[in-house]
Amino acid sequence: MRIFEILLTFLTFVMLFQQTMPRKLAASAGFASIAVLAGQLFFEGYRWQMVLIYLISIPLAFITIIRKRLPNRRWRPLKYGLYVLTFTILAFSVFLSVYLPVFNLPKPDGAYSVGTKTFHLTDRGREESLTNNPHDKRELMIQVWYPAQDLNGQKQAPLFPEDASTFHEYIERFADGFGLPAFALDYWRYIKTNSYENATISSAEARYPVVIVSHGFGTSRLLHASQAEHLASHGFVTVAIDHTYSTTATAFPDGRVTGLTTEQYLNGASENIDKLGNIWTQDADFVIDQLNQLNRDAFERKLDMDNIGMMGHSFGGATAFNTAYSNHRIKAGINMDGSLYNVNDKQAISKPFLFMESSSFIDLKNKALSGNISEEEIKNSGLTKEEFNKMIEERKREYKIIDQASMVYIEGTEHYNFTDLQLYSKLLKLLGMTGDIDGKRSANIVNQYVLDFFNKHLKETSDGTSLHHE
C-alpha cells in the first residue's frame, strides 16, 4: 500500500474508537482523514481497491466531527454494527491493496542510471504474413534501455503508455487475457520504472555490449522491463522486441494498438509453430541490422556491435536459441523456460548458451524422458497422449543440439517467474503461473544469473555472483 493509503486506512480505524477519545481529538481525526483522502486522490491517484475505504471513511469522518450533536441513544444501536462492517471493509480493502499492489519496478543495483528510447521499425523487404492485407509490411516496436547520464531532474518514465485512450486499449487487452474487466487492471497506470526517457547515453565507457530480449508468446516486452533495466545499470544496452500480433498488446506511434491475433493465422496447426518461429527469428535478425543505423543516429556509436547476446522467455527463449544458432553476430544466448522449435537437422550449438528452467518443467521433462510418468500426469499437462509422446521425441532431439549448453533450474519457480509478471501479484501463485518462491527473490536470482552469464561472455568479466545461488 502507498503512504496516503496507509494513513487513510489507519485514520479510518482510529475513528471507530472516537467515542473513547476527547471530542477535539476525535474531530481532529475526522478532519485529518478528509485531508488525507484528498491528498491520496490528488497525489497518488484513485484505484478501485480502495473504493470501500473511501466510502466508509467519509461518513465516519462526518460522524466523528459532529459527534456532539448525535444523541447517545441513536449512536449505540449502530456502534457494534458499524464496528463489524468497518473492520470487514478495512480487511477486504487492505487484502486487495496488498495482493493487487501499485508497485515500482525493483531498483537496479548497477552503477549506471538508466535511459530508455522507443523506436518504430518497418521491414520494407518483408511482407506481413500475419494479417489479411497483402500490402502490409512487417512492423515492429522495440524499446532500448541503456546506461545514461545528465538526467537533469527528468522524471521516471511510466511502464505503460501515458495517453489515456492508448492505455485503456492496452489494459483492456491484458484484462481480456486474464478474463477480467478492464477496470480491474486500471491501477497499472501508476507503475513506475527506473528509466528516464530519451536521456543521454553515458560516456563512461567507449562502447557497451548489446543484449536482445524476446518475450513469450502472447505477452509483451514490458514484462521484461526490470530485467532490461538491471542489465542497463550494469553497462549493457538492452533491446526488447514486441513481436507484433503475438503480443498481448503493442502500441504504435500513430495510435494503433495491435493484440494477439497470431493464433487465427496459424489455424491451430502445430506444424505452423516452426513458421512462426522463423518470423520471430527474422524479427531479431532485422532488429540487429537496424541497430547499426540507430547506433549512428541515436546512440553516439556507443553500441558494441561486436559483442551481442540474446535472451528470451518461453517461445522467445526458443527464438533466442534459434537466432543465436543461425546468426553469427550473436556471441551468446539464454533461453528461459522455453521449448525449442526448428530442431530438425541441427547439430550441437557451439556458442555459449544457458538454459534456465522452472523446477516443474525439469521434473516433468526428466520423468517423461525416463518413461516414469503416469496417465494422470499426462492428462494434467493439458496434452493428449499422442501430443505428449510427440513432445518427448522433440525433447530428445533438443538434448542432442544443446549437449554443449549450460543448464540451471531454479527451485520453487514456475513458468512466469522468468518475467516481471511475478512482481504484479502474489495471487498468481494460486493460478499456478508463478511458484512458491518469493517473486522479488526469484527476480533477483534470474537477474544475477543473466548478468553473470553476459558479463562472462560479452565483457569477458565475471564475479561469479549467480553461481552462489542455493
Side-chain angles (χ1 to χ4, degrees), residues 2-5 39-50 97 100-108 113-121 139-146 148 150-178 180-201 213 215 219-230 232-233 238-244 247-260 294 298 419-421 423-425:
R2 297 173 290 177
I3 297 298
F4 279 94
E5 291 175 350
Q40 196 278 319
L41 294 173
F42 183 79
F43 293 108
E44 294 177 338
Y46 149 87
R47 63 170 174 147
W48 67 269
Q49 295 94 319
M50 292 289 295
S97 298
L100 297 172
V102 172
F103 67 96
N104 295 333
L105 295 186
K107 189 173 180 60
S113 299
V114 180
T116 187
K117 297 176 186 283
T118 304
F119 300 94
H120 175 207
L121 306 177
E139 295 182 80
L140 300 172
M141 292 298 299
I142 65 170
Q143 187 166 357
V144 183
W145 291 263
Y146 52 90
D150 301 331
L151 300 180
N152 298 322
Q154 298 178 39
K155 68 176 183 177
Q156 291 171 303
L159 182 62
F160 292 92
E162 286 190 286
D163 177 74
S165 61
T166 302
F167 173 80
H168 179 76
E169 192 167 352
Y170 220 87
I171 291 305
E172 200 170 49
R173 295 179 187 275
F174 272 91
D176 284 344
F178 286 107
L180 298 171
F183 81 85
L185 304 183
D186 186 70
Y187 68 98
W188 284 8
R189 71 175 67 245
Y190 303 122
I191 300 174
K192 293 292 184 183
T193 69
N194 302 285
S195 305
Y196 298 84
E197 288 182 331
N198 302 314
T200 303
I201 192 167
V213 180
H215 60 78
T219 62
S220 167
R221 73 174 193 271
L222 299 185
L223 294 186
H224 297 278
S226 72
Q227 295 172 351
E229 288 185 340
H230 187 259
S233 78
T238 312
V239 184
I241 306 169
D242 259 356
H243 295 283
T244 316
T247 63
T248 303
T250 297
F252 287 92
D254 61 5
R256 285 176 297 144
V257 179
T258 61
L260 179 59
L294 293 177
T419 73
D420 291 350
L421 196 62
L423 304 172
Y424 282 60
S425 175

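Looking at Thr200 and Asp150, their side chains never bring a donor and an acceptor atom within 3.5 Å of each other. Side-chain N/O atoms of Ser195 and Gln156 include no donor and acceptor closer than 3.5 Å.
More than 12 heavy-atom neighbours from other residues, nucleotides or ligands sit within 6.0 angstrom of NZ on Lys192. For CG of Leu151, the number of neighbouring non-hydrogen atoms (other residues, nucleotides, ligands) closer than 6.0 Å is greater than 12.
Listed for the His215 side chain is a donor-acceptor partner under 3.5 Å among the backbone atoms of His243. A donor-acceptor contact shorter than 3.5 Å is absent between the side chain of Glu5 and the backbone of Gln40. Listed for the Tyr196 side chain is no donor-acceptor partner under 3.5 Å among the backbone atoms of Ala157. Between the side chain of Ser233 and the backbone N or O of His230 there is at least one donor-acceptor pair closer than 3.5 Å. For the pair Ser220 (side chain) and Thr248 (backbone), a donor-acceptor distance under 3.5 Å is absent. A distance-only check finds a donor-acceptor pair linking the side chain of Asn194 to the backbone of Leu105 [under 3.5 Å]. Without hydrogens or angle criteria, Gln49 side chain to Leu100 main chain gives a donor-acceptor distance under 3.5 Å.
Residue Ala148 comes nearest to Ala199 through the heavy atom pair CB-CB, 3.9 Å, listed as atom of the first residue, atom of the second, then distance. Across all non-hydrogen atoms, the minimal contact from His168 to Ala182 is CE1-CB, 4.2 Å.
Distance check: Phe4 CZ to Leu41 CG gives 10.5 Å after rounding to the nearest 0.5 Å. Taking CG of Leu294 as the start and CD1 of Ile142 as the end, the distance is 5.5 Å to the nearest 0.5 Å. Atom CD of residue Gln143 and atom CZ of residue Arg221 lie 4.5 Å apart, to the nearest 0.5 angstrom. Annotation: the span from Leu180 atom CG to Leu185 atom CG amounts to 5.5 Å, rounded to 0.5 Å. Residue Arg2 holds its CZ atom at 10.0 Å from CG of Asn104, rounded to the nearest 0.5 Å. Here the OG atom belonging to Ser97 is positioned 10.0 Å from the OH atom belonging to Tyr187, to the nearest 0.5 angstrom.
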Run the numbers on Tyr146 and Thr238 for side-chain contact (heavy atoms from CB on, under 4.5 Å), then give the verdict.
CA-CA 6 Å; Tyr146 52 90; Thr238 312; over 6 Å; no
Stepwise side-chain hydrogen bond (donor to acceptor under 3.5 Å, both in side chains) check, Thr247 with Asp242:
CA-CA 7 Å; Thr247 63; Asp242 259 356; 5.1 Å; no
Worked verdict on Glu44 versus Tyr190 for side-chain contact (heavy atoms from CB on, under 4.5 Å):
CA-CA 8 Å; Glu44 294 177 338; Tyr190 303 122; over 6 Å; no
Go through the steps for Ile171 and Asp186 under the test side-chain contact (heavy atoms from CB on, under 4.5 Å), then give the verdict.
CA-CA 7 Å; Ile171 291 305; Asp186 186 70; 5.5 Å; no
Please test Phe119 against Met141 for side-chain contact (heavy atoms from CB on, under 4.5 Å), starting from the C-alpha separation and ending with a verdict.
CA-CA 6 Å; Phe119 300 94; Met141 292 298 299; over 6 Å; no
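By the 4.5 Å heavy-atom criterion applied to side chains, Ser226 and Leu423 are counted as neighbours.
When ring centroids are compared, Phe167 and Trp188 stay outside the 6.0 Å threshold. In summary, the aromatic rings of Phe103 and Tyr424 are positioned with their centroids under 6.0 Å apart.
For His224, the side chain to side chain donor-acceptor pair (under 3.5 Å) partners two or more places apart in sequence, or in a different chain, are Gln227.
By the 30° and 60° cut-offs, the orientation of the rings of Phe160 relative to Phe174 is perpendicular.
At a threshold of 4.0 Å, the pair Glu169-Arg256 does not count as salt-bridged, since none of the basic side-chain nitrogens sits closer than that to a carboxylate oxygen.
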